[in-house]
Participant: 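Mind having a look at this structure? Questions to follow.
Position 1 is the first residue of the sequence, and the numbers go up from there.
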Amino acid sequence: MIDYTKKLNTSREVYPINDIDISVESDRGRIISTPAFRRLQKRTQVFPLELNAAVRSRLTHSIEVQQNARYIAKTILDEIKKHSNFEKYNLNNLDNAFVSISEMSSLLHDIGNPPFGHFAELSINDWMKNEGVDCLKKLYPKIKKENESLKEKLIRDITNFDGNAQAIRIIKYLQRLNLSFSQTASVLKYTRGAFEEKPKDGDKLNYLKKKPGFYYSEKEFVKKVCKSLQMQKGCRFPLTYIMEAADDISYLTADIEDAVDKGVFTLDDLYKYVVKECNKVNQKYNKHETFLLELIEKYYKKAKEKEDEPYQFNLFLTLTRASLINHLVKYVAQVYLDNHQEIFDGTFNKAILDFDKTNKYSLAIEVLQNISIKYIYNNKEKQALELKGHAILHGLLNCYKPILELSSEDFLKLVSKQRIDCFVSARLIGRLSSKHIVAYSKAIEELDTKDKQKFNLLEWYYRARLIIDYISGMTDDFALDEYRKLTAI
């Protein structure tokens, strides 16, 4: 049974707000006001360290995703109203919450992403697997049998940094936003803990668990959120599907527009690529689909007719984007409602835009994705910038490595401003964010000290989280500047 009062409510950890509309407005204000959100303006979307403000940052991308989510949510509600199902689904007085939570989850969806784009996630994990874990093993080479499982979980967790999981950590501990559980759950894109094994092929929720959605440090909090909203283990919050679809739609044309602004290819190049990829995808599925080709051709001809006039290329991209979004939003709304019970329960085990791989919209999406992969993501300039970001992140992590080599006793002395023998660590800790140190200290206060070895393992884990929190929270230019300072470049 679909009953949205079970999912859209005012429950939160502290200071509950009884009025649902005031509750969602409070969440909106907290999200927009948080420093973590503002930092997105200086984080890479596709092209790292970009000086051209017209090229998208994580912030401008998130705002576009927010608008797509709003459009999708309102379209879904309009369809429900059209069929007089508002009362049936207990949506009376919840339409504002439905739209606002969808919007705000879209503004939050990239809040945990590190500097230099998704490549940075791989870079952080690579360093932790090779350098970070080595520090832990040297500190604590012998582990009691009862603590072996915990050690394995913590190693798996700390080597699986993911922007989605980091977003939950920012919401709960680093910014302490105290969002409603409904708003928090909407950001939980993947439902597997970073400390858990990857799902097997036979797992009915393998798509929803394909990436880490939260860390060991937030597992109890996530459990509390899911229990409050009657979400079964491994299942997703219904409005998260809207956020995911809005993000997927945004990527389709945004990266191509940015590539044009960067001079990666021209209008004529783009048209040729679309024709070429449409033919390939049609052959792949033995189809004769012309939806995307007709749409592109229509606006391409208009642009070519007035080629000498300024902004014709921009007009071509704008019209193409608007038309494509309009078609895809209606399609997403239809799939959402056609699979309403599964989506409401959070067992719909795929992205909405992946629902039918062979319809005209899915084929158009595959064409645009192929163009982005071949001509944008594999662009030499972009890859060179990613390698630069990789070098910066590894350099920073190497600089902060002495902190991870300390014993628990020594690091706790440092935190309480006592002297230790390692003068490098004593200076490094002064550079860390006070908010991150507070999050670390609070986590340590809650640990049981009876089992000294278990305490040491968990203390080191939260210390490693502290370093990752600080570096992953940097903007592109701050990370570059900090790297230069610490390496004397």
Side-chain angles (χ1 to χ4, degrees), residues 44-48 50 52 54-57 60-61 64-65 68 117-119 245-329 331-332 351 353-354 356-386:
T44 295
Q45 175 60 18
V46 175
F47 297 97
E50 180 54 50
N52 181 356
V55 173
R56 287 166 177 81
S57 66
T60 50
H61 163 71
E64 290 178 339
V65 177
N68 287 342
H118 286 297
F119 189 75
D247 188 28
D248 291 343
I249 290 171
S250 181
Y251 270 115
L252 293 176
T253 56
D255 294 350
I256 289 172
E257 287 182 41
D258 286 348
V260 169
D261 276 332
K262 290 282 293 177
V264 174
F265 47 67
T266 65
L267 170 61
D268 291 330
D269 291 333
L270 176 57
Y271 178 70
K272 288 174 188 173
Y273 297 154
V274 171
V275 173
K276 181 180 175 183
E277 291 302 322
C278 278
N279 288 333
K280 281 188 177 180
V281 169
N282 273 327
Q283 284 177 6
K284 178 181 174 181
Y285 295 104
N286 194 24
K287 295 273 187 176
H288 299 284
E289 185 51 61
T290 59
F291 163 70
L292 180 63
L293 197 54
E294 286 175 3
L295 189 141
I296 294 283
E297 215 155 36
K298 175 182 174 183
Y299 298 121
Y300 174 73
K301 284 179 180 177
K302 279 188 177 181
K304 294 300 283 184
E305 284 169 6
K306 300 179 180 179
E307 197 169 7
D308 296 334
E309 293 184 19
Y311 311 120
Q312 280 306 308
F313 194 11
N314 287 339
L315 183 62
F316 160 75
L317 291 171
T318 301
L319 292 172
T320 303
R321 181 192 345 115
S323 182
L324 192 62
I325 288 173
N326 191 46
H327 281 285
L328 290 175
V329 164
Y331 171 64
V332 166
L353 285 180
D354 286 341
D356 179 354
K357 289 284 191 183
T358 59
N359 67 25
K360 64 181 180 180
Y361 300 121
S362 295
L363 296 180
I365 289 164
E366 188 167 337
V367 167
L368 294 171
Q369 286 174 338
N370 288 349
I371 291 171
S372 292
I373 292 166
K374 289 181 183 178
Y375 305 106
I376 301 175
Y377 305 149
N378 288 325
N379 175 265
K380 285 185 179 180
E381 181 189 349
K382 180 186 180 300
Q383 290 186 338
L385 288 167
E386 286 178 337

Participant: Which value, rounded to the nearest 0.5 Å, describes the distance between Ile371 atom CD1 and Leu270 atom CG?
Facilitator: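 If we round to the nearest 0.5 Å, Ile371:CD1 and Leu270:CG are 6.0 Å apart.
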Participant: Taking it one step at a time, do Tyr361 and Val332 satisfy side-chain contact (heavy atoms from CB on, under 4.5 Å)?
Facilitator: CA-CA 10 Å; Tyr361 300 121; Val332 166; over 6 Å; no
Participant: State, with a plain yes or no, whether a side-chain heavy atom of Tyr299 is found less than 4.5 Å away from one of Leu317.
Facilitator: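 No, side chains not in contact.
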Participant: For Asn326 and Ser323, test the side chains for any donor-to-acceptor distance below 3.5 angstrom and give the result as yes or no.
Facilitator: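 Side-chain D/A pair, Asn326 to Ser323: absent.
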Participant: Taking it one step at a time, do Leu295 and Thr320 satisfy side-chain contact (heavy atoms from CB on, under 4.5 Å)?
Facilitator: CA-CA 7 Å; Leu295 189 141; Thr320 303; 3.5 Å; yes
Participant: With a 4.5 Å cut-off on side-chain heavy atoms, are Asp255 and Tyr377 touching?
Facilitator: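 A side-chain contact exists here, since the closest heavy-atom pair is under 4.5 Å.
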Participant: Calculate, to the nearest 0.5 Å, the distance between atoms NE2 and CG belonging to His288 and Leu363 respectively.
Facilitator: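 Reported to 0.5 Å precision, the distance equals 12.0 Å.
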Participant: Heavy atoms only: give me the nearest Gln45-Arg56 pair and the separation to one decimal.
Facilitator: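 Closest approach of Gln45 to Arg56: CB-O, 3.3 Å.
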Participant: Can you name the residues that form a ring-ring contact (aromatic ring centres under 6.0 Å, His included) with Tyr273, not counting sequence neighbours?
Facilitator: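 Per chain and number, Tyr273 pairs via ring-ring contact (aromatic ring centres under 6.0 Å, His included) with Phe265, Tyr375.
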Participant: If you measure only the distance, is there a donor-acceptor pair under 3.5 Å linking the side chains of Ser362 and Asn359?
Facilitator: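 Yes.
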Participant: Answer yes or no: is there a side-chain heavy-atom contact under 4.5 Å between His61 and Tyr251?
Facilitator: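 SC-SC contact between His61 and Tyr251 confirmed.
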Participant: Under the side-chain contact (heavy atoms from CB on, under 4.5 Å) rule, what do Thr44 and Leu385 come out as? Steps first, then yes or no, please.
Facilitator: CA-CA 10 Å; Thr44 295; Leu385 288 167; over 6 Å; no
Participant: Could you list the residues that satisfy side chain to side chain donor-acceptor pair (under 3.5 Å) with Lys374, not counting sequence neighbours?
Facilitator: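 Lys374 satisfies side chain to side chain donor-acceptor pair (under 3.5 Å) with Glu277 once adjacent residues are dropped.
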Participant: Taking ring-ring contact (aromatic ring centres under 6.0 Å, His included) as the definition, give me every residue that meets it alongside Phe119, ordered by chain and number, with sequence neighbours left out.
Facilitator: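 None.
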Participant: Can you name the nearest heavy-atom pair linking Ala254 to Ser250, along with the distance?
Facilitator: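 Scanning both residues completely, I find the closest heavy atoms to be CB-O, 3.0 Å.
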Participant: Run the salt-bridge test on Glu366 and Lys357 with the 4.0 Å N-O cut-off and return the result as yes or no.
Facilitator: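 No, this pair does not count.
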Participant: Working to the nearest 0.5 Å, report the span between CG of Leu353 and CG of Asp248.
Facilitator: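 So the CG of Leu353 and the CG of Asp248 are separated by 5.5 Å.
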Participant: How long is the straight-line distance from CZ of Arg321 back to OG1 of Thr318, given to the nearest 0.5 Å?
Facilitator: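 Nearest 0.5 Å value for the OG1-CZ distance: 5.0 Å.
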Participant: To the nearest 0.5 Å, how far apart are CG in Leu292 and CG in Leu324?
Facilitator: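 So the gap between those two atoms works out to 7.0 Å.
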Participant: For the residue pair Asn378 and Ile373, what are the closest heavy atoms and their distance?
Facilitator: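 Scanning both residues, the minimum pair turns out to be ND2-O, 2.9 Å.
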Participant: Drop me the distance from Ile325's CD1 to Thr253's OG1, to the nearest 0.5 angstrom.
Facilitator: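 Answer for the CD1-OG1 pair, Ile325 versus Thr253, is 5.5 Å.
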Participant: Begin from the C-alpha positions of Tyr271 and Leu267 and carry the test side-chain contact (heavy atoms from CB on, under 4.5 Å) through to its verdict.
Facilitator: CA-CA 6 Å; Tyr271 178 70; Leu267 170 61; 5.6 Å; no
